[in-house]
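Worksheet: the structure to be examined is printed underneath.
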Amino acid sequence: MELAKSFEPAEIERRWYPIWESRGYFAAGLDTAKKDNFCILLPPPNVTGTLHMGHGFNQAIMDSLTRYHRMRGDNTLWQPGTDHAGIATQIVVERQLDAKGISRHDLGREKFLEKVWEWKEYSGNTITKQMRRLGTSPDWSRERFTMDAGLSKIVTETFVRLHKEGLIYRGKRLVNWDPKLLTAVSDLEVVNEEEDGFLWHIRYPLADANGKDAGSLTVATTRPETMLGDVAVMVHPEDERYAHLVGKNVVLPLCDREIPVIADSYVDKEFGTGCVKVTPAHDFNDWQVGHRHGLAPISILTLDARINEHGPAKYRGMDRFEARKAVVADLEAAGLLDSVKPHKLVVPRGDRTGVIIEPMLTDQWFVAMTKPGTDGTSIAGKALECVASGEIRFVPENWVNTYNQWLNNIQDWCISRQLWWGHQIPAWYSDDGRFYVAHDEAEAYAQAKRDGYTGGLERDPDVLDTWYSSALWPFSTLDWTPEWPAKSNPALDLYLPSTVLVTGFDIIFFWVARMVMMTKHITGKIPFRDVYVHGLIRDAEGQKMSKSKGNVLDPIDLIDGIMIDDLVKKRTTGLMNPKDAAKIEKRTRREYPNGIPGFGTDALRFTFLSLASPGRDIKFDMQRCEGYRNFCNKLWNASRFVLMNCEGQDCGLAPDVKPGSDACNATYLDFSPADRWIVSRLQKVEHEVEQHFADYRFDLLARAIYEFVWDEYCDWYLELAKVQLNPPSPSIPLPEGEGSGELAAGQQSRLEAQQRATRRTLVRVLETVLRLAHPLIPFITEELWQTVAPLAGRAEATDGSRSLMLQAYPKADLSRCDPVAEAWVARLKEMINACRSLRGEMNISPAQRVPLVGAGDTAILGAYAPYLAALAKLSEVTTANVLPNSDAPVQIVGEFRLMLKIEIDVAAEKERLAREIARVEGEIIKANAKLGNAGFVERAPAAVVAQEQERLENFNSLVEKLRVQLGRLQVGTEA
RNA sequence: GGGCGGUUAACUCAGCGGUAGAGUGCCACCUUCACACGGUGGAAGCCACUGGUUCGAUCCCAGUACCGCCCA
């Protein structure tokens, strides 16, 4: 089959993916006899929409690892699935309903959930379709969803267990409350950011038994409206200014209440007036203070953040911001407002809604993080231990700090959410305030009965934090059972713990730490051995990609390409704030005036992997993507070349011929130093690649492959092979002693043996490269391999029923490294480069062939001659013991001197030589200085000193020859 | 306030105790029979700054500046 002239990815991708999938190549390996098992859990994407660049990046890494281990013959599982993403998904669906003027309450819980399930089907399918476009190879037959029946059952089971152990509890606590969503959220779902605000100084008059004006205390606050819920004023115990007032009362303005002045070291004497109001129901720190001082909190806000019945009648029903204005105005009217100053403060906002989070006193469920369990260790303690002991390893390891720091300061985890979409909490309430945590309603009733309660039970309407079920992912997706380990299955036995978790640092707390905690606590096993933490994909300016900024890229658009109008439309529809549209459109049109060209999946994947340097975020650079698309094209065309030269030819693959065997001798296969060199280099690359996979250094791995293919195989070996396949034309004299003229029969057969060896090397190296690169760029390699492999003797069947996916991954055979051949080629390259740079400096057109005279070992020069002639565009190569006396430019390569026989500008050549002499003299001065330094000679390692001496000798000999050459020019011109 | 990372060519990034690298871009030449998504040659860097350790520092250590992130 003739290959297209250039690589056209679209059709190839469309064709291969269904073949791989339908043939079951992605299926989990369940061979219990194998000792190497490799498993990756897909961080389940949220069913809130579509995949973004971060997913593409994350998945390119995981798929490369999976394909690599699968080819290595390991039992392999890449476990896919999606996350119900409680809040996020509920918001998406609510917004859709909103557009039709319907609220979720209009529908009712049951009907609303039906709508969400519909959305889940749609979104889930979109995501898995996109993953397929990325060429990912998870075991789709094992796809899970966090709200599947099986996973839900495990959620209930763990909840009941933890509750029984006293590690899940219900309590009235101050929690982060989102007044828009009307639900509690966890600490992690609150984003604290500094914003501009004000600091109000308010005077609280001292209460005096006689009713006279006894002065006042001035408190500073950023939230004046919360004063309605004040229960005290506090000062620092060592603050002399206020010491005499501690224990007295002040009158709370606007409210008809007296509150005490207390002393607590929490107060910062230097901040504001050194005098702080205490509002335990609306501030986390004040809650602690109130608790220490036995002050009952007064909650003044309703759940939607309006003043409630505990506030003065005037303010009741006002929104918190409206109330703030009213309170400030009234204080001012009363002459109690001392000052208002601009002030920067940290404002907590809900990460989903952006509204200001209100600390709110509510009944919620919590997981106890630091309370010792029945085995004496807390959940957080276990998570710390797993990492401290080295059972779990972070890559790069500095993330351990982040992990430890968080776990060492962890608060109990609020897991209840006042939402509808999610796992409903398995707790049932009696009419009289008792509750029963059970696997199901029947069990709850049984418990109630034993408890002496015979009335009705009502299930807790709340659902669990979406991360609760995510925390169970490492074992819930493997169909863990409550009876485990008595009842298990092969996947669970083989793949818990999994090998590596590949994730961004943004979810170390949300997800990674919680998986460790829950998996370790419930199963006693760690969830995974390695945590490979990669950076975030940012846009070209280093900005985080977000819909509202309008800088998101869809990985599919980089694969297929997109017209500018479509891109603008995509970026500007469905905005939270439609006002951004104009700005986004302008920016997009400026950045992509012609839209985005399609690069294909392989190029995109290769780009992601190349950019995956550890410990840093990625500014996504489309030009890099273009460069790697070009690389794919290069590989494609190199394959075309090999096929053109090898298809239908004898590629030296007679069945009984193995490298090193007797049959592999000069009469059948005559490998040149160039052949042996490329094979030698190949071993080194294979070796490097193995190391880079083990170290998760995908950037170096991609580069090793890139450089081998382009710089070694294409730029050099293919060019050298052309010489071997097309014997030198008679115009280039053969080395001395071999003569020109008719080839003798023996020479003819030797030539054939050489060409056979060349073809064999061409095709075998290429075939190996395709296997080597397949985990990174699966489509192009598969397509090419189908044609290349039969020629390389790697595939018996040529009907297309075999796949590169199932081939063995190349393994380095370092005994095939060949230093002699490497040195031979290195010197040849030097000579060719020397000729090329001479040509360049002499401004010789690439089209012009020029003659060369070489002086030095004539046998070696003779062997190099045909290669030199072809690669340096020489019309003829002659050898001589002494270079002719001429003005022609000369390059010195080791012991060899190469002269291009051309007419030149003598002045220019003299200048060139002088420049070169100056450069080398500079090096000589540096080397001499070094070697003249007693400290260096005495203390530096002998090898380093010897190396320096050798350099110096080389420079000295070079400069001498250069001077001779320059001298000859001067003599020549003077004569 | 605590912690982490970054600063290397115009851009995006590797690297590393002993000769500073790649891709893209730029300049010149070349449509040579795999590839113009190409070839050959070339220009381009006080490796942020200041000290220290060392025979030797872009690299290790300390500090400074700037940029970014996380936590409180």
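Just so it is clear, the values below take in all heavy atoms, side chains as well, and ignore hydrogens, waters and symmetry mates. Reminder, nothing fancy here: chain letters follow the sequence lines and each chain counts from 1. Keep in mind the model is a prediction, meaning the values are calculated, not measured.
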Is any side-chain N or O of [X] closer than 4.0 Å to OP1 or OP2 of [N]?
X: A:N404; N: B:rG3; result: no
X: A:R697; N: B:rG15; result: yes
X: A:K619; N: B:rU12; result: yes
X: A:W406; N: B:rC4; result: no
X: A:K722; N: B:rA34; result: yes
X: A:K634; N: B:rA36; result: no
X: A:S6; N: B:rC35; result: no
X: A:K5; N: B:rC35; result: yes
X: A:N192; N: B:rC71; result: no

Whole-Å gap separating [atom2] ([N]) and [atom1] ([X]):
X: A:F708; N: B:rG23; atom1: CZ; atom2: C1'; value: 20 Å
X: A:N401; N: B:rG2; atom1: CG; atom2: C1'; value: 12 Å
X: A:Y403; N: B:rG2; atom1: OH; atom2: P; value: 25 Å
X: A:F955; N: B:rU19; atom1: CZ; atom2: C1'; value: 7 Å
X: A:I618; N: B:rG68; atom1: CD1; atom2: P; value: 19 Å
X: A:D602; N: B:rC37; atom1: CG; atom2: C1'; value: 15 Å
X: A:D621; N: B:rU24; atom1: CG; atom2: P; value: 11 Å
X: A:R624; N: B:rA22; atom1: CZ; atom2: C1'; value: 8 Å

What is the base-pairing partner of [N], counting Watson-Crick and G-U wobble geometry with both distances under 3.5 Å?
N: B:rG21; value: B:rC13
N: B:rG1; value: B:rC71
N: B:rA62; value: B:rU50
N: B:rC26; value: B:rG42

[N] and [M]: how far apart are their [atom1] atoms, nearest whole angstrom?
N: B:rC30; M: B:rC35; atom1: C1'; answer: 15 Å
N: B:rU12; M: B:rU7; atom1: P; answer: 12 Å
N: B:rG45; M: B:rU40; atom1: P; answer: 24 Å
N: B:rU8; M: B:rG21; atom1: C1'; answer: 10 Å
N: B:rC67; M: B:rU54; atom1: C1'; answer: 31 Å
N: B:rG39; M: B:rG23; atom1: P; answer: 10 Å
N: B:rG3; M: B:rC59; atom1: C1'; answer: 24 Å
N: B:rU64; M: B:rA22; atom1: C1'; answer: 32 Å

Carboxylate-amine/guanidinium contact [X] [Y], below 4.0 Å:
X: A:R223; Y: A:E358; result: yes
X: A:K722; Y: A:E719; result: yes
X: A:E712; Y: A:K829; result: yes

* Do side-chain atoms of A:D675 reach the backbone of A:T761 as a donor and acceptor pair under 3.5 angstrom? ->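 Not confirmed, A:D675 side chain does not pair with A:T761 backbone.
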
* Is A:R697 reaching over with its side chain to a backbone N or O of A:S613, donor-acceptor style, under 3.5 angstrom? ->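 No, because the side chain of A:R697 does not come within donor-acceptor range (under 3.5 Å) of the backbone of A:S613.
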
* Drop me the distance from A:N58's CG to A:F608's CZ, to the nearest 0.5 angstrom. =>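 If we round to the nearest 0.5 Å, A:N58:CG and A:F608:CZ are 10.0 Å apart.
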
* **Closest-nucleotide ordering on RNA chain B, the 5'-leading residue of A:S639 and A:A934** =>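 Final value for this comparison: A:S639.
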
* **First encountered from the 5' end of RNA chain B, between A:P941 and A:A638** =>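 It is A:P941 whose nearest nucleotide is closer to the 5' end.
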
Between [options], which nucleotide gets closest to the side-chain atoms of [X]?
X: A:F509; options: B:rU12, B:rC71, B:rC30; value: B:rC71
X: A:S837; options: B:rG42, B:rC30, B:rG18; value: B:rG42
X: A:Q405; options: B:rA34, B:rC30, B:rC71; value: B:rC71
X: A:F641; options: B:rC35, B:rA34, B:rG23; value: B:rA34
X: A:E8; options: B:rC37, B:rA14, B:rU24; value: B:rC37
X: A:F936; options: B:rC4, B:rA14, B:rG18; value: B:rG18
X: A:V944; options: B:rC69, B:rC37, B:rG18; value: B:rG18
X: A:R951; options: B:rC30, B:rU19, B:rA14; value: B:rU19

On the side chain of [X], is there an atom forming a donor-acceptor pair with the base of [N] - under 3.5 Å, no angle test?
X: A:R629; N: B:rC37; value: yes
X: A:R839; N: B:rU40; value: no
X: A:E719; N: B:rA34; value: yes
X: A:R836; N: B:rU40; value: no

At under 4.0 Å between heavy atoms, what does [X] touch on the DNA or RNA strands: base, sugar-phosphate, or nothing?
X: A:C632; result: nothing
X: A:D715; result: sugar-phosphate
X: A:L700; result: sugar-phosphate
X: A:Q543; result: nothing
X: A:Y706; result: sugar-phosphate
X: A:Y628; result: nothing

* Do you know the tightest heavy-atom contact between A:S186 and A:R514? ->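 Scanning both residues, the minimum pair turns out to be OG-NH2, 4.0 Å.
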
Look at the rings of [X] and [Y] and say which category their plane angle falls in: under 30° parallel, 30 to 60° tilted, over 60° perpendicular.
X: A:W399; Y: A:F505; result: parallel
X: A:W710; Y: A:F631; result: parallel
X: A:F509; Y: A:W406; result: parallel

